[in-house]
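Only one structure is covered here, and it is reproduced in the block below.
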Amino acid sequence: MKIKFLMAVFFITAATLWASDVTGGKEVAIKGTFVWEKKPETTHGLDAKLTPVGPNEWSVTWNFQWGNKPVTYVGIVKGNLLDGEVTGTANTTEGKERSFAFEGTAKDGVIKMTHCETTRGKKDTGYGELRVVN
């Protein structure tokens, strides 16, 4: 009887937290741009697919072009994608091991962010803007 009660409490709590997720626990598409501080005259396009893993938390696949070559990074995004604080990570999926992080603020589904390389410590690398597509 205690186990059934505890399971019911767990599922009710999880459902309540999931309902508080601004995207309703659904997959999210993001399009955006970023600027690398070493080449401030060049803006790079960026697409991302976010798959929910919990309330206001997603696994993410980042896709962009770098030097005419498609690049994919994977990571985690946390926060309020529509109106609030947002943070995220990105790690290479192939080639030279590199990792990045970003933090920003969303307003009406537009996230203004700064990014930094975290491969060997934390080094600011630029800024960007992300937009929730769906």
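Everything numeric in this text was worked out from a predicted model, so none of it was measured.
Put simply, I76 and F34 are part of two different groups of oily side chains (I, L, V, M, F, W, Y) that touch within less than 4.5 Å, one to the next. In this structure, V71 is a member of the same hydrophobic cluster as V77, with clusters built from ILVMFWY side-chain heavy atoms closer than 4.5 Å. Under a hydrophobic-cluster definition in which Ile, Leu, Val, Met, Phe, Trp and Tyr are linked whenever side-chain heavy atoms come within less than 4.5 Å, directly or via other members, V110 and M113 are assigned to different clusters.
Counting heavy atoms from C-beta on, the side chains of K123 and E37 come closer than 4.5 Å. Annotation: side chain of L81 is in contact with side chain of V28 (closest heavy-atom distance under 4.5 Å).
Between K31 and D47 a salt bridge is recorded (basic side-chain N to carboxylate O distance below 4.0 Å). With respect to E129 and R131, a salt bridge is recorded, a charged nitrogen being found less than 4.0 Å from a carboxylate O.
Interatomic distance, NZ of K78 versus CH2 of W58, reported as 11.5 Å (0.5 Å rounding). Note: K112 NZ to F102 CZ = 14.5 Å, rounded to the nearest 0.5 Å. Rounded to the nearest 0.5 angstrom, W62 CH2 and F100 CZ are separated by 12.5 Å. Distance check, rounded to the nearest 0.5 Å: NZ of K49 to OG1 of T61 gives 6.5 Å. Between the CD1 atom in I111 and the CG atom in L82 there is a gap of 8.5 Å [rounded to 0.5 Å].
A distance of 6.0 Å or more separates the ring centres of W36 and Y127. H44 has its ring centre less than 6.0 Å from the ring centre of W66.
Checking T114 against E103 by side-chain atom types alone, no donor-acceptor pair falls below 3.5 Å. T118 and S99 share a donor-acceptor pair across their side chains, judged by distance under 3.5 Å alone.
Judged purely by atom type and a 3.5 angstrom limit, N134 uses its side chain to pair as donor or acceptor with the backbone of E27. Proximity of a side-chain donor or acceptor of H115 to a complementary backbone N or O of T89 within less than 3.5 Å is not detected. The main-chain N or O of T72 is found under 3.5 Å from a side-chain atom of T93 such that the two form a donor-acceptor pair.
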